[in-house]
Protein chains: 2
Amino acid sequence: METPIKREATCEQELAAIRDSLEILGGKWKLRIMRYLNNHIDEKNTFKKIQREVEGISAKMLSKELRELEINLLVTRTVMETRPVTVNYAMTEYGLSVFPVTETLVDWGLNHREKIK
Amino acid sequence: METPIKREATCEQELAAIRDSLEILGGKWKLRIMRYLNNHIDEKNTFKKIQREVEGISAKMLSKELRELEINLLVTRTVMETRPVTVNYAMTEYGLSVFPVTETLVDWGLNHREKIK
DNA sequence: GTTATCGGTTAACTAATGGTTACCGGTTAC
DNA sequence: GTAACCGGTAACCATTAGTTAACCGATAAC
């Protein structure tokens with residue numbers, strides 16, 4: 001993971017940065033998949049395993065989301081010569097940079113559940 | 001803003017927390033609106049002013065998003081007895097808790113723009 | 001009287017998201 | 001032989017998200 005660099009930005013630049021982030025990480029599933037991979041970084045993460053653990057995602061969506069994450073260099077896809085053939089998905093070094101984002105969302109979500117209880 | 005509380009959660013609970021967060025903060029506009037309000041916390045933020053500064057949002061979307069943020073107690077809506085009548089939107093105390101989320105997204109977006117350059 | 005601003009609403013529309021079902025070839029376990 | 005698991009894809013459909021344009025009453029400026 002990289003050293004966080006403090007930046008200065010105008011409000012306009014900040015809003016544009018949020019837009020950029022959401023273009024790549026937005027939607028219902030991508031951050032959940034990234035968090036799952038982050039939590040299982042030393043394991044083999046096959047398609048089916050991810051699908052079982054990211055609750056509710058369909059094969060179609062998982063396939064699409066993983067492809068998009070791969071295009072943006074956040075995830076790698078490796079076909080393993082096992083029998084039957086399995087496919088391993090893993091976070092890239094760059095993918096690790098998403099961790100703080102998922103972390104704040106986890107914190108907020110847990111806190112919110114407490115709050116509305 | 002509240003003191004961050006360290007929590008322990010299983011991966012499953014973490015993914016559920018992300019789902020919860022995205023249900024309330026997800027979509028194209030909510031986090032941008034929240035960031036804008038956070039950056040202008042001591043000012044009067046009228047409907048039109050927000051619409052001008054959150055670039056690209058239509059009146060319909062802004063109206064809808066503000067209503068949802070209000071329902072979730074993140075924003076207040078106050079009709080001001082000016083002439084013409086203006087409406088002021090402001091972050092609640094609870095709304096401030098969203099700051100870390102927007103902060104990590106701003107950082108990630110700025111960093112990403114550097115990276116792909 | 002005309003135009004503009006304020007804070008929206010409404011209707012009509014398109015684009016994006018996401019779900020469901022069925023199916024593919026190959027492999028293994030029974 | 002049959003069923004199940006692996007990693008998907010294809011077709012179809014429904015829902016949601018989001019856009020555009022027109023319009024509202026009230027007020028104010030010219």
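Basis for what follows: all heavy atoms, side chains included, without hydrogens, waters or symmetry-related copies. Throughout, a chain's letter reflects where its sequence line sits, starting with A, and its residues are numbered from 1. All figures in this text were calculated on a predicted structure; none of them were measured in a lab.
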query: Between A/H112 and B/Y94, is any side-chain donor less than 3.5 angstrom from a side-chain acceptor?
result: yes

task: May I have the distance from B/R19 (atom CZ) to C/dG18 (atom P), rounded to whole angstrom?
output: 14 Å

- request: Look at the side chain of A/K64 and decide which nucleotide, out of D/dG8, C/dT17, D/dG18, has an atom nearest to it.
  value: C/dT17

query: Between C/dT9 and B/R67, is there an OP1 or OP2 to side-chain N/O distance shorter than 4.0 Å?
result: yes

query: A/I57 CD1 to C/dG18 C1': how many Å, rounded?
result: 10 Å

- request: Salt-bridge test for A/E55 and B/R19: reply yes if a basic N is under 4.0 Å from a carboxylate O, no otherwise.
  value: no

query: Is there a donor and acceptor pair, one atom on the side chain of B/K60 and one on the base of D/dT19, closer than 3.5 Å?
result: yes

- request: Evaluate whether atom CD of A/E70 has more than 12 neighbouring non-hydrogen atoms of other residues, nucleotides or ligands under 6.0 angstrom away.
  value: yes

message: With a 4.0 Å cutoff (strictly under), does any side-chain N or O of A/Y89 reach OP1 or OP2 of D/dG8?
response: yes

- prompt: Within the pair B/S63 and C/dT9, is there a side-chain N or O less than 4.0 Å away from OP1 or OP2?
  reply: yes

message: Can you measure B/L62 atom CG to D/dT19 atom P for me and round it to whole angstrom units?
response: 12 Å

statement: Checking C/dG7, C/dT20, C/dT9 against the side chain of B/K48 (C-beta onward), the nearest is C/dG7

- request: Calculate the interatomic distance between A/E68 atom CD and C/dT17 atom C1'; express it in whole Å.
  value: 11 Å

field: Among D/dG18, D/dG7, C/dG7, the one nearest B/T46 by side-chain distance
entry: C/dG7

Nearest-Å distance for atom pair CD/C1', residues B/E65 and C/dG8: 15 Å

- prompt: What is the distance from CZ of B/R32 to P of D/dA17, rounded to the nearest Å?
  reply: 16 Å

message: Between B/P84 and A/G56, which residue's closest nucleotide on DNA chain C lies nearer the 5′ terminus?
response: B/P84

task: Using whole Å, report how far CE of A/M80 lies from C1' of D/dG8.
output: 17 Å

query: Quick one: do the B/T104 and A/T104 side chains pair a donor with an acceptor below 3.5 Å?
result: yes

field: A/E12 atom CD, over 12 foreign heavy atoms within 6.0 Å
entry: no

- prompt: Hey, does the side chain of B/K28 come within less than 4.0 Å of D/dT19's phosphate (OP1/OP2), counting only N and O?
  reply: yes

task: Report yes if a side-chain nitrogen or oxygen of A/R77 is closer than 4.0 Å to either non-bridging phosphate oxygen (OP1 or OP2) of D/dG8; otherwise report no.
output: yes

- line: Quick note, B/T86 side chain, CB onward, closest among C/dG7, D/dC6, C/dT20 is C/dG7

Interatomic distance where NZ belongs to A/K49 and C1' belongs to D/dG8 [whole Å]: 19 Å

